[in-house]
Amino acid sequence: MSPNSHESTDEVPDIGAPPQRLTVDVETLRRLVAEQFPQWSARPVAPVSKPGWDNRTFHLGDDLLVRLPSAAEYALAVEKEHRWLPELAERLPVPIPAPLGLGEPGAGYPFPWSVYGWLPGEAADRAATIDPSGLAEDVVGFLEALQRIDATGGPQPGVHNWFRGGTLRTFDPYARGSLAKLDGHLDADLATAAWNDALAARWDGVDVWFHGDMAPGNLLLDGGRLTAVIDFGTCGVGDPSCDLAIAWTLLTRQGRRLLRERLDVDEPTWSRGRGWALWKTLSNLANAVEDGDEPEEREARRVVEAILDDYRDAH
């Protein structure tokens, strides 16, 4: 791959219209399991406590998990996960989801789906206890190991992962649209400057494995330390700066410093990482302000302030 191949402004992807999501009820899942995995048909089925967006997720007994994509676009990740997760798991320091069954369309459900082993732990965004320095070390160790894995033949950015690992320019309309909605709610000039800085930061074009959604809800903890990483639907190979968003969404200032030093992140990559964190958090903040969701607004503001403080310190 030539340097900056994903950065050409002539190749900025169009994400297109929002996916047409569907719902799946417990009875449909019971029929799917009975038809395709009869060895598990006697197990109780129950939705997980915090439903996801990309997948409808259910417990299948105490030690299995079923994920059914909620739209055709999300279903593109199913085959990828079954192909690559077992290979990645051998090289990572903490457990990741283990695919145990690949389901087919049936019982009125139109997409492929998956059965995984259940991974215990408490999501970092709901954890009662977090060890800030220890968790930063754990995140660094995970990303170090992931980025060392040979990227040859890995999945390039595309609809299957909403173009994670590609150019930030894909999300320029979303960032600027959120900034327009937030006029008067934050320092729009500073946020715009941070976003423009991220867009201008070039990538060297060397493909590296990335998770794609290193969000607090996808990090499982026990005793405040990382015990598993889940939800690899957006994984792929390309620009790994998207995974740096966790530096602002979860880690402390000290943790950010440790992550940057240990991963030897240069200034352009760090700037793009700020951009990945910024566009998504601006979107979350705009939605929270519009909906009057005060807890979500407080959290989004916290993250935006951390991003802008970091940008201000660098400039």
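This one's a predicted model, so the numbers in the text were calculated from it and none came from an experiment. Note that these values count all heavy atoms, side chains included, but never hydrogens, waters or copies made by symmetry.
When only modelled atom types and interatomic distance are considered, Gln156 and Asp207 share a side-chain donor-acceptor pair under 3.5 Å. Counted by atom type alone, Thr28 and Asp25 present one or more donor-acceptor pairs between their side chains at under 3.5 Å. With hydrogens and angles left out, the side-chain atoms of Asn55 and Thr57 include no donor and acceptor closer than 3.5 Å. Under the 3.5 Å distance criterion, with hydrogens and angles disregarded, a donor-acceptor pair is assigned to the side chains of Trp270 and Asp310.
Criterion: ILVMFWY side-chain heavy atoms under 4.5 Å apart, direct or through other members. Under it, Leu88 and Leu263 are part of a common hydrophobic cluster. When hydrophobic clusters are built by joining Ile, Leu, Val, Met, Phe, Trp and Tyr residues whose side-chain heavy atoms come closer than 4.5 Å, directly or via intermediates, Leu29 is not grouped with Trp53. By the rule that hydrophobic residues join a cluster once side-chain heavy atoms approach within less than 4.5 Å of another member, Ile130 and Leu251 end up as members of one cluster. Hydrophobic cluster membership is shared by Trp84 and Phe163, with clusters built from Ile, Leu, Val, Met, Phe, Trp and Tyr side chains linked at under 4.5 angstrom. Side-chain heavy atoms closer than 4.5 Å link hydrophobic residues (I, L, V, M, F, W, Y) into clusters, and following such links, possibly through other members, connects Ile15 to Val159.
With salt bridges taken as basic N to acidic carboxylate O contacts below 4.0 Å, none links Arg257 and Glu261. Using a cut-off of 4.0 Å between Lys/Arg side-chain N and Asp/Glu carboxylate O, Asp63 and Arg43 are scored as salt-bridged. Under the 4.0 Å criterion applied to side-chain N and carboxylate O atoms, Arg302 and Glu305 are not assigned as salt-bridge partners. The pair Arg274-Asp197 meets the salt-bridge criterion, with a side-chain N (NZ, NE, NH1 or NH2) lying under 4.0 Å from an Asp/Glu carboxylate O. We find that Arg21 and Asp54 are not joined by a salt bridge, their nearest charged nitrogen and carboxylate oxygen being 4.0 Å or further apart. In this structure, Glu137 does not pair ionically with Arg225, as no charged nitrogen and carboxylate oxygen lie closer than 4.0 Å.
Rounding to the nearest 0.5 Å places CG of Asp213 at 6.0 Å from CG of Asp231. With rounding to the nearest 0.5 Å, the separation of OG in Ser114 from CG in Leu100 is 10.0 Å. Going from atom CG of Leu190 over to atom CG of Leu308 covers 4.5 Å, rounded to the nearest 0.5 Å. Residue Phe111 holds its CZ atom at 6.0 Å from OH of Tyr109, rounded to the nearest 0.5 Å. Distance check, rounded to the nearest 0.5 Å: CD1 of Ile230 to CG of Asn218 gives 5.0 Å. Distance check: Asn287 CG to Asp293 CG gives 10.0 Å after rounding to the nearest 0.5 Å.
Partner Arg262 forms a side chain to side chain contact (heavy atoms under 4.5 Å, CB included) with one of Leu258, Leu259, Asp264 and no other, that one being Leu258. Exactly one of Lys80, Glu73, Glu81 qualifies for a side chain to side chain contact (heavy atoms under 4.5 Å, CB included) with His160. That residue is Lys80. Screening Trp162, Trp195, Trp276 against Phe171 for a ring-ring contact (aromatic ring centres under 6.0 Å, His included) leaves a single residue, Trp276.
Leu199 and Arg169 get closest at one heavy-atom pair: O-NH2, 3.5 Å. Looking at every heavy atom in both residues, Pro95 comes nearest to Leu119 through CB-CD2, 3.9 Å. When every heavy atom of Ala198 is checked against every heavy atom of Gly275, the shortest pair comes out as CB-CA, 3.6 Å. The minimum heavy-atom distance between Tyr74 and Pro69, with the atom names listed, is C-CB, 3.9 Å. Cys235 and Pro155 make their closest contact through O-CG, 4.3 Å (heavy atoms, listed as atom of the first residue, atom of the second, distance). Nearest heavy-atom pair across Val229 and Met214 is CG1-SD, 4.3 Å.
Within 6.0 Å of CD on Glu27 lie more than 12 heavy atoms contributed by other residues, nucleotides or ligands. Within a 6.0 Å sphere centred on CD of Gln39, heavy atoms belonging to other residues, nucleotides or ligands number more than 12. Atom CD of Gln147 has more than 12 heavy atoms from other residues, nucleotides or ligands within 6.0 Å. Summarising the local packing, CD of Glu144 is surrounded by more than 12 heavy atoms from other residues, nucleotides or ligands at distances under 6.0 Å. More than 12 heavy atoms of other residues, nucleotides or ligands lie within 6.0 Å of CG in Asp313, so this atom counts as buried by the packing criterion.
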Run the salt bridge (Lys or Arg N to Asp or Glu O under 4.0 Å) test on Arg260 and Asp266 for me, step by step, so that the C-alpha distance in whole Å, both residues' side-chain angles and the decisive distance to 0.1 Å come before the verdict.
CA-CA 8 Å; Arg260 184 171 185 180; Asp266 61 26; over 6 Å; no
Could you walk me through whether Asp131 and Leu221 pass the side chain to side chain contact (heavy atoms under 4.5 Å, CB included) check?
CA-CA 10 Å; Asp131 175 352; Leu221 312 184; over 6 Å; no
Pair Cys242, Phe210 - check side chain to side chain contact (heavy atoms under 4.5 Å, CB included), show working.
CA-CA 8 Å; Cys242 54; Phe210 57 84; 3.7 Å; yes
Begin with the C-alpha distance, continue with both residues' side-chain angles, and end with the deciding distance and a verdict on side chain to side chain contact (heavy atoms under 4.5 Å, CB included) for Leu146 and Phe142.
CA-CA 6 Å; Leu146 181 62; Phe142 176 83; 4.1 Å; yes
Before giving the answer on side chain to side chain contact (heavy atoms under 4.5 Å, CB included), spell out for Leu285 and Leu186 the whole-Å C-alpha distance, their side-chain angles and the decisive distance to 0.1 Å.
CA-CA 10 Å; Leu285 179 56; Leu186 49 65; 3.9 Å; yes
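A perpendicular orientation is assigned to the rings of Phe37 and Trp113, their planes being inclined by more than 60° (bins at 30° and 60°). In this pair, His211 and Phe232 present their aromatic rings perpendicular. The plane angle is above 60°, beyond the 30 to 60° band.
The closest donor-acceptor contact from the side chain of Arg31 to the backbone of Ala107 lies under 3.5 Å. A donor-acceptor distance shorter than 3.5 angstrom exists from the side chain of Thr170 to the backbone of Thr167, with no hydrogens or angles considered. Under the 3.5 Å distance criterion, the side-chain polar atoms of Ser41 are matched with a main-chain donor or acceptor of Pro38. Of the possible polar contacts, one joining the Arg256 side chain to the Ala247 backbone as a donor-acceptor pair under 3.5 Å is found. With hydrogens and angles disregarded, no donor-acceptor distance shorter than 3.5 Å links the side chain of Asn161 to the backbone of Pro157. The main-chain N or O of Gly212 is found under 3.5 Å from a side-chain atom of Asp243 such that the two form a donor-acceptor pair. At distances below 3.5 Å, not a single donor-acceptor pair connects side-chain atoms of Glu122 with backbone N or O atoms of Asp222. Of the possible donor and acceptor atoms, one in the side chain of Thr249 sits under 3.5 Å from a partner among the backbone N and O of Ala245. The backbone N or O of Leu220 sits less than 3.5 Å from a side-chain atom of Thr227, completing a donor-acceptor pair. Judged purely by atom type and a 3.5 angstrom limit, Thr192 uses its side chain to pair as donor or acceptor with the backbone of Ala188.
In this structure, the side chains of Trp248 and Leu278 stay at 4.5 Å or more apart for every pair of heavy atoms. Proximity of Val45 to Val33: side-chain heavy atoms (C-beta onward) are nowhere separated by under 4.5 Å. Put simply, the side chain of Pro99 reaches to within 4.5 Å of the side chain of Pro86, judged on heavy atoms. In this structure, Leu64 and Trp118 have side chains that are not in contact, with every pair of non-hydrogen atoms separated by 4.5 Å or more.
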